[in-house]
Amino acid sequence: MFRVLVSDAISEEGLAPLCASAQIDIVQKKTTEAEEELHTFDALLVRSATKVTEELLEKMPNLKIIGRAGVGVDNIDVDAATKRGIVVINAPNGNTISAAEHTFAMMAALVRRIPQAHISVKSREWNRSAFVGNELFGKKLGIIGFGRIGSEVAKRARAFGMSVHVYDPFLTKERAEKLGVSIHSLDEVLAVADIITVHTPLTKETRGLLGTENLAKTKKGVYLINCARGGIIDEQALIPFLESGHVAGVALDVFEQEPPGDHPLLAFDNVIVTPHLGASTVEAQLNVATQVAEELLHFFEGRPVTSSINLPALSKDVYEKIQAFYHLGRKLGLIASQFMNIPVQELSVTYAGTVADLETTYITRSLLAGFLRPRVASTVNEVNAAMVAKERGITYGEKFSDETHGYANCISLTVHGENKTFTIKGTHVPNYGDRIVHFDGVAIDFAPEGHLLYIQHQDRPGMIGKVGNVLGAHDVNIATMQVGRQEAGGKAMMILSLDKPVDDEVLQALAQIDDIETVKRLEA
Ligand SMILES: NC(=O)C1=CN([C@@H]2O[C@H](COP(=O)(O)OP(=O)(O)OC[C@H]3O[C@@H](n4cnc5c(N)ncnc54)[C@H](O)[C@@H]3O)[C@@H](O)[C@H]2O)C=CC1
Ligand SMILES: O=C(O)C(=O)COP(=O)(O)O
């Protein structure tokens with residue numbers, strides 16, 4: 001049973017598939033009301049109100065996934081989640097149209113002074129001359145941040161006869177052309193736009209993007225809109241520009257602090273505001289809730305999530321292709337780690353054959369996680385494996401080769417440790433399973449499953465019998481036994497698969513057999 005805490009108002013209709021699952025227990029409470037049981041939850045679902053801080057994550061040691069029913073994840077400490085191996089997903093496009101429409105509604109309201117006129121009429125006034133506005137037609141709209149919402153705003157602006165001037169340092173010329181907009185520098189947009197709307201995420205680079213210096217570069221009489229994130233337009237910096245009349249009006253759906261309380265901007269007649277309503281439509285809420293609910297179900301079923309912030313994006317098709325190799329990678333890493341239980345500096349992974357054409361990043365992350373698992377006390381998985389490796393000074397790299405050793409595919413892992421290097425190679429045979437085909441310099445063939453015993457010995461007659469006798473005397477049944485050697489009479493090895501794990505006493509008894517040099521338990 002997986003426990004899911006839903007700590008913000010998320011569409012119940014959208015969450016219905018989760019509620020219907022017998023495997024999932026949903027609790028709807030604010031995190032502050034769930035203090036006593038925070039440690040029991042496997043998943044946390046939020047919108048923008050819940051602040052998912054490192055402190056909160058510390059109280060949720062069982063948490064595996066955070067779902068954001070919306071776009072912005074600036075309320076989630078993604079680094080802290082990643083460090084703990086917690087997957088963070090969002091619903092990137094479910095509320096795009098609603099946010100774009102809200103931006104447009106704000107734009108029209110701003111230039112036609114609709115909120116002010118509305119209040120006036122409700123106050124029993126009829127003052128038509130006080131509310132003369134401007135047309136949108138023929139105006140220059142500056143869009144800063146041209147992703148999903150920015151581009152939807154542009155489509156609507158063109159329908160209104162506006163010309164669109166875009167600043168987005170990550171926008172390609174091809175995409176801009178396709179969407180019929182011109183790309184400019186930030187300074188150019190600031191200089192020409194009659195109305196500027198921001199649609200970037202809140203990042204180190206975008207915080208205060210429209211501050212004193214850049215506001216001074218705008219046209220006198222400019223209108224500004226922020227339906228993205230509080231802080232992209234610096235609220236304090238705006239005040240003198242409103243006081244001087246340089247800025248004709250501002251529309252804000254978002255604030256640096258939400259709710260903004262008794263904010264000085266609220267005193268300006270030409271500042272119009274909404275309480276973070278961009279995504280607050282029935283349609284958007286159903287979309288985003290459905291998206292995160294489906295992703296969560298996939299996650300708990302062990303299927304791929306497609307909208308993760310801290311995992312490489314993986315479609316269902318790609319996932320199905322890499323799934324087998326993902327498991328093989330995990331096993332290669334796990335076995336290598338136990339065999340090399342010494343400090344290591346570097347892991348080198350080589351992909352050959354059919355696997356080399358797939359999305360190997362994910363397989364490498366899985367291999368790294370398998371390698372690190374016996375070495376770290378905390379959770380390590382494909383989310384945080386790269387970060388944990390870095391913390392421990394372990395570097396890793398991927399190579400691609402044609403050398404498949406006669407198999408259709410081959411993954412080879414070489415671990416460089418202090419004074420020792422170890423190589424293990426594996427292949428996946430469809431409908432048959434994983435095979436380890438090379439182990440520490442010896443060609444061999446065994447299934448990496450269950451309780452394995454590695455024995456290194458000199459190649460002498462009678463060794464198999466001696467090992468069998470010792471195990472038999474300790475009531476340990478051998479499921480399979482594979483032998484291999486470098487050369488006749490030289491270094492040889494046995495890999496045994498046992499029905500149960502063996503204790504230290506059995507290992508010592510085996511180590512005492514003449515010509516046996518090493519005995520090691522390996523879990524796969
Ligand atoms: N008010 C509301 O209720 C809602 C607000 N949002 C917010 O709207 C914003 C945009 O969302 P989407 O369009 O879905 O995101 P997106 O990721 O599709 O687009 C963001 C764009 O900003 C650009 N960008 C990044 N850094 C930039 C910089 N320094 N200067 C200029 N451009 C930069 C990126 O290249 C990207 O094209 C986000 O902050 C999101 O959280 C989203 C939905 C609802
Ligand atoms: O999706 C976003 O980024 C939003 O800002 C919407 O926030 P909300 O889910 O309405 O709290």
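Whatever order the structure lists them in is the order used to number ligands and atoms, beginning at 1. Quick caveat: nothing in here was measured; it's all calculated off a predicted structure.
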message = At under 4.0 Å between heavy atoms, is it the side chain or the backbone of I149 that contacts ligand 1, or both, or neither?
response = both
key: Test item: side-chain donor near acceptor, E283 and S98, under 3.5 Å   = no
message = With nothing but distance in play, are any N or O atoms of S48 less than 3.5 Å from an N or O of ligand 2?
response = yes
ask   = Are R156 and F160 in a cation-pi setup, meaning NZ or CZ lies under 6.0 angstrom from the ring centre and within 45 degrees of the ring axis?
value = no
query = Do T274 and D253 have side-chain atoms, one donor and one acceptor, less than 3.5 Å apart?
reply = yes
remark   = So NZ of K155 and CG of L179: to nearest 0.5 Å the spacing works out to 7.0 Å
key: G70 touching ligand 1 at heavy-atom level, < 4.0 angstrom   = no
ask   = Does the pair T197 and Y223 meet the rule for a side chain to side chain contact (heavy atoms under 4.5 Å, CB included), with working shown?
value = CA-CA 9 Å; T197 181; Y223 288 100; over 6 Å; no
Closest to atom 23 (C) of ligand 1 (judged by heavy-atom distance), picking from T103, N95, D168 = D168
Donor on one side chain, acceptor on other, Y351 and T364, under 3.5 Å = yes
ask   = Got an N/O contact under 3.5 Å between G70 and ligand 2?
value = no
message = Once you restrict to heavy atoms under 4.0 Å, what part of D8 touches ligand 2? Side chain, backbone, both or neither.
response = neither
query = Quick one: nearest non-hydrogen protein atom to atom 4 (C) of ligand 1, plus distance?
reply = C227 O, 3.9 Å
request  = Go through ligand 1 atom by atom and flag the ones less than 4.0 Å from a non-hydrogen atom of G72.
outcome  = 41 (O)
ask   = Heavy-atom count around R158 CZ within 6.0 Å, excluding the residue itself: above 12?
value = no
message = If the test is side chain to side chain donor-acceptor pair (under 3.5 Å), which one of D74, T203, N75 qualifies with R229?
response = D74
ask   = Can a donor-acceptor pair be found between the side chains of E125 and S120 at a distance below 3.5 Å?
value = yes
task = Provide, to 0.1 Å, the distance between atom 1 (O) of ligand 2 and the closest protein heavy atom, together with that atom's residue and name.
result = V71 N, 2.6 Å
query = Are any non-hydrogen side-chain atoms of Y396 and S348 less than 4.5 angstrom apart?
reply = no
inquiry  = For a 4.5 angstrom cut-off between non-hydrogen side-chain atoms, does T212 reach L215?
reply    = no
key: Smallest separation among heavy atoms of T200 and I144, with atom names   = CG2-O, 3.6 Å
inquiry  = Please report whether ligand 1 has a polar contact with A279, defined as an N or O pair separated by less than 3.5 Å (distance criterion only).
reply    = yes
task = Of the side chain and backbone of A99, name the one, both, or neither that has a heavy atom under 4.0 Å from an atom of ligand 1.
result = side chain
request  = Report yes or no: do E188 and H165 form a side-chain donor-acceptor pair below 3.5 Å?
outcome  = no
ask   = Can you say whether the rings of F241 and H246 are parallel (under 30°), tilted (30 to 60°) or perpendicular (over 60°)?
value = perpendicular
inquiry  = Once you restrict to heavy atoms under 4.0 Å, what part of T200 touches ligand 1? Side chain, backbone, both or neither.
reply    = both
Q285-ligand 2 polar pair, N/O distance under 3.5 Å = no
query = Judged by non-hydrogen atoms, does D253 sit under 4.0 Å from ligand 1?
reply = yes
request  = Please verify whether a non-hydrogen atom of T203 lies at under 4.0 Å from ligand 1.
outcome  = no
query = Do any nitrogen or oxygen atoms of G150 come within less than 3.5 Å of a nitrogen or oxygen of ligand 1?
reply = no
inquiry  = With heavy-atom distances below 4.5 Å as the criterion, would you say the side chains of L45 and S7 are in contact?
reply    = no
message = Under 3.5 Å between any N/O of P169 and any N/O of ligand 1: does that happen in this structure?
response = no
inquiry  = Counting only heavy atoms, tell me which of R229, R47, R68 gets closest to atom 6 (C) of ligand 2.
reply    = R68
inquiry  = Among all protein heavy atoms in this structure, tell me which lies nearest to atom 26 (N) of ligand 1, with the distance rounded to 0.1 Å.
reply    = F170 CE1, 3.5 Å
ask   = What atoms of ligand 2 come closer than 4.0 angstrom to any heavy atom of N95?
value = 1 (O), 2 (C)
task = May I ask you to check if ligand 2 and A49 share an N or O to N or O distance below 3.5 Å?
result = no
ask   = A69 near ligand 2, heavy-atom distance under 4.0 Å?
value = yes
inquiry  = Please compare S98, G145, A228, A100 and report which has the shortest non-hydrogen distance to atom 7 (C) of ligand 1.
reply    = A228
Nearest-neighbour protein heavy atom for atom 18 (O) of ligand 1, which is reported as residue plus atom name and distance = R148 N, 2.9 Å
task = Look at the aromatic rings of H428 and F325 and report parallel, tilted or perpendicular, splitting at 30° and 60°.
result = perpendicular
inquiry  = Out of all atoms in ligand 2, which are within 4.0 Å of some heavy atom of A279? Include the element for each.
reply    = 6 (C), 10 (O)
message = Closer than 4.0 Å to some heavy atom of G72 - which atoms of ligand 2 meet that?
response = 1 (O), 2 (C), 3 (O)
inquiry  = Among all the protein's non-hydrogen atoms, which is closest to atom 19 (O) of ligand 1, and how far away is it?
reply    = G147 CA, 3.2 Å
